[in-house]
2 protein chains.
Amino acid sequence: MAKARDTLFAALSDPTRRGIFERLCRDGDLTVRALTLQSGVSQPAVSRHLKTLKQAGLVIDRPEGRQTHYSARREGLGPLVDWTRQMGGFWEERLDALEDVLKRMDQ
Amino acid sequence: MAKARDTLFAALSDPTRRGIFERLCRDGDLTVRALTLQSGVSQPAVSRHLKTLKQAGLVIDRPEGRQTHYSARREGLGPLVDWTRQMGGFWEERLDALEDVLKRMDQ
DNA sequence: CGGATTGATAGCCATGCGGTTATGAATTAA
DNA sequence: TTAATTCATAACCGCATGGCTATCAATCCG
């Protein structure tokens with residue numbers, strides 16, 4: 001689905017949103033309030049960013065009482081990695097290097 | 001520079017622009033006209049997209065007579081790859097996957 | 001030279017998007 | 001039960017952005 005790719009790129013295009021995702025990747029499970037405190041924007045803004053990230057498959061929410069915990073879904077970056085590999089071949093080079101190592105180990 | 005990263009993500013966020021870059025990655029060196037013909041948008045639109053891509057370090061231009069050739073700068077994707085690695089640990093995951101394979105092969 | 005092609009820029013318009021405040025629903029605490 | 005906290009949604013606003021047409025400069029061809 002190229003649609004999913006579009007959604008993903010769009011979700012990552014905003015710095016604030018990317019900041020939230022980065023924070024979740026670093027610090028794991030956080031509430032909306034915690035995320036809001038250091039985001040520099042209002043709580044509703046954060047909530048909307050989280051909604052966008054969720055739709056892009058980059059976070060999951062875990063409601064718990066009156067607060068909602070969010071955490072990163074790193075696998076959501078998959079399409080981005082795939083696309084990068086298609087475009088660039090950086091990744092291939094590194095993977096190839098790795099495969100070489102493996103072959104050598106195999107002998 | 002986080003600024004460069006911002007520029008890069010922004011440049012890749014638009015589908016039309018990404019399409020142009022993909023095309024350049026596939027087909028190599030192309031003129032503005034060639035890119036316009038299959039882009040679905042007007043020539044000025046293409047020119048502006050190319051300008052954006054150039055500023056993001058994703059393409060280089062090569063003026064030649066009255067036409068300008070553009071080609072992809074794959075290294076421009078570097079910051080994207082770096083960021084992905086920082087976030088995800090896909091790399092690790094894949095390494096782990098490979099290790100699993102090795103273990104199985106080893107038995 | 002004169003007409004045609006190519007690409008870049010300027011100017012305009014519509015839409016999308018991120019930010020805000022206001023408010024409501026749900027849960028927790030007093 | 002009342003008050004306070006937490007989060008989501010709605011409504012609104014301003015700006016950035018992508019699309020277009022028009023145009024200009026430069027180059028190539030007759």
Side-chain angles (χ1 to χ4, degrees), chain A residues 2-24 27-73, chain B residues 2-24 27-73:
Chain A
K3 190 72 171 294
R5 186 177 303 169
D6 274 25
T7 313
L8 185 56
F9 272 103
L12 294 174
S13 68
D14 181 68
T16 304
R17 201 153 47 222
R18 218 163 49 239
I20 292 175
F21 179 68
E22 291 170 5
R23 177 91 193 283
L24 287 173
D27 302 351
D29 182 283
L30 294 171
T31 68
V32 174
R33 172 159 178 74
L35 288 168
T36 300
L37 285 179
Q38 59 105 52
S39 66
V41 297
S42 66
Q43 173 265 311
V46 172
S47 278
R48 277 216 332 231
H49 282 310
L50 287 168
K51 189 174 183 179
T52 303
L53 289 171
K54 184 180 174 185
Q55 286 171 342
L58 287 171
V59 303
I60 53 179
D61 57 340
R62 180 170 60 81
E64 185 178 313
R66 68 180 153 179
Q67 49 194 7
T68 310
H69 295 253
Y70 282 85
S71 50
R73 255 194 91 251
Chain B
K3 189 74 170 296
R5 187 178 302 167
D6 273 25
T7 312
L8 186 56
F9 272 104
L12 293 175
S13 67
D14 180 70
T16 304
R17 202 155 44 223
R18 216 164 48 241
I20 293 175
F21 178 69
E22 291 170 5
R23 177 91 194 281
L24 287 174
D27 302 351
D29 182 282
L30 294 171
T31 68
V32 174
R33 172 160 177 75
L35 288 168
T36 300
L37 285 180
Q38 59 105 53
S39 65
V41 296
S42 67
Q43 173 266 311
V46 172
S47 278
R48 277 218 331 235
H49 282 309
L50 287 169
K51 188 174 183 178
T52 302
L53 288 171
K54 183 180 174 183
Q55 286 170 344
L58 287 171
V59 302
I60 53 179
D61 57 339
R62 181 170 60 80
E64 185 179 311
R66 66 182 153 178
Q67 48 194 6
T68 310
H69 295 252
Y70 281 86
S71 51
R73 255 193 90 251

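Proteins come first, then strands; the chains are lettered A, B, ... in the order of their sequence lines, and each starts at number 1.
- Pairs engaging residues 30-40 of chain B under the salt bridge (Lys or Arg N to Asp or Glu O under 4.0 Å) rule: none recorded [sequence neighbours left out].
- Among residue pairs with one or both ends in residues 11-22 of chain A, those qualifying as salt bridge (Lys or Arg N to Asp or Glu O under 4.0 Å) are A:Arg18-B:Asp6; sequence neighbours excluded.
- If you take CZ on B:Arg5 and CG on A:Leu12, they are separated by 11.5 Å, rounding to the nearest 0.5 Å.
- Listed pair A:Tyr70 / D:dT6 fails the phosphate criterion, with no side-chain N or O lying under 4.0 Å from OP1 or OP2.
- Evaluation of the side-chain contact (heavy atoms from CB on, under 4.5 Å) rule for B:Ala34 yields B:Leu30, B:Thr31 as partners, not counting sequence neighbours.
- Annotation: side chain to side chain donor-acceptor pair (under 3.5 Å) contacts of A:Thr7 (sequence neighbours excluded): none.
- Expressed to the nearest 0.5 Å, how far CG of A:Leu24 lies from NE2 of A:His69 amounts to 12.0 Å.
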Discussion item. Protein within reach of the bases, or only the backbone? For nucleotides 18-30 of chain D, mark each nucleotide 5' to 3' as B, S or -, using heavy atoms under 4.0 Å.
Written reply: BBBBB----BS--

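- Taking five base pairs at each end of the helix from C:dC1-D:dG30 to C:dA30-D:dT1, the local helix axes there meet at an angle of 20°, rounded to 10°.
- You'll find the side chain of A:Arg73 stays beyond 4.5 Å of the side chain of A:Leu58, heavy atoms only.
- Partners of A:Gln43 under the side chain to side chain donor-acceptor pair (under 3.5 Å) rule, at least two apart in sequence or in another chain, are A:Ser47.
- When DNA chain C is scanned in the 5' to 3' direction for atoms under 4.0 Å from non-hydrogen atoms of chain A, the outermost contacting nucleotides are C:dG18 to C:dT28.
- When rounded to the nearest whole Å, the span between CD of A:Gln55 and C1' of D:dT9 equals 13 Å.
- Applying the side-chain contact (heavy atoms from CB on, under 4.5 Å) criterion to A:Arg48, with sequence neighbours excluded, gives no partner residue.
- With sequence neighbours excluded, the residues forming a side-chain contact (heavy atoms from CB on, under 4.5 Å) with A:Ala45 are A:Val41, A:Ser42, listed by chain and number.
- Considering only heavy atoms from C-beta on, B:Tyr70 stays 4.5 Å or farther from B:Ile60 through its side chain.
- Contact annotation: the side chain of B:Leu50 never approaches that of B:Thr68 to less than 4.5 Å [non-hydrogen atoms, C-beta and beyond].
- Every pair passing salt bridge (Lys or Arg N to Asp or Glu O under 4.0 Å) that includes a residue from residues 52-68 of chain B is listed here, sequence neighbours excluded: B:Asp29-B:Arg62, B:Lys54-B:Asp61, B:Arg62-B:Glu64.
- Listed by residue number, the members of residues 27-37 of chain A with any heavy atom below 4.0 angstrom from DNA chain D are A:Thr31, A:Val32, A:Arg33.
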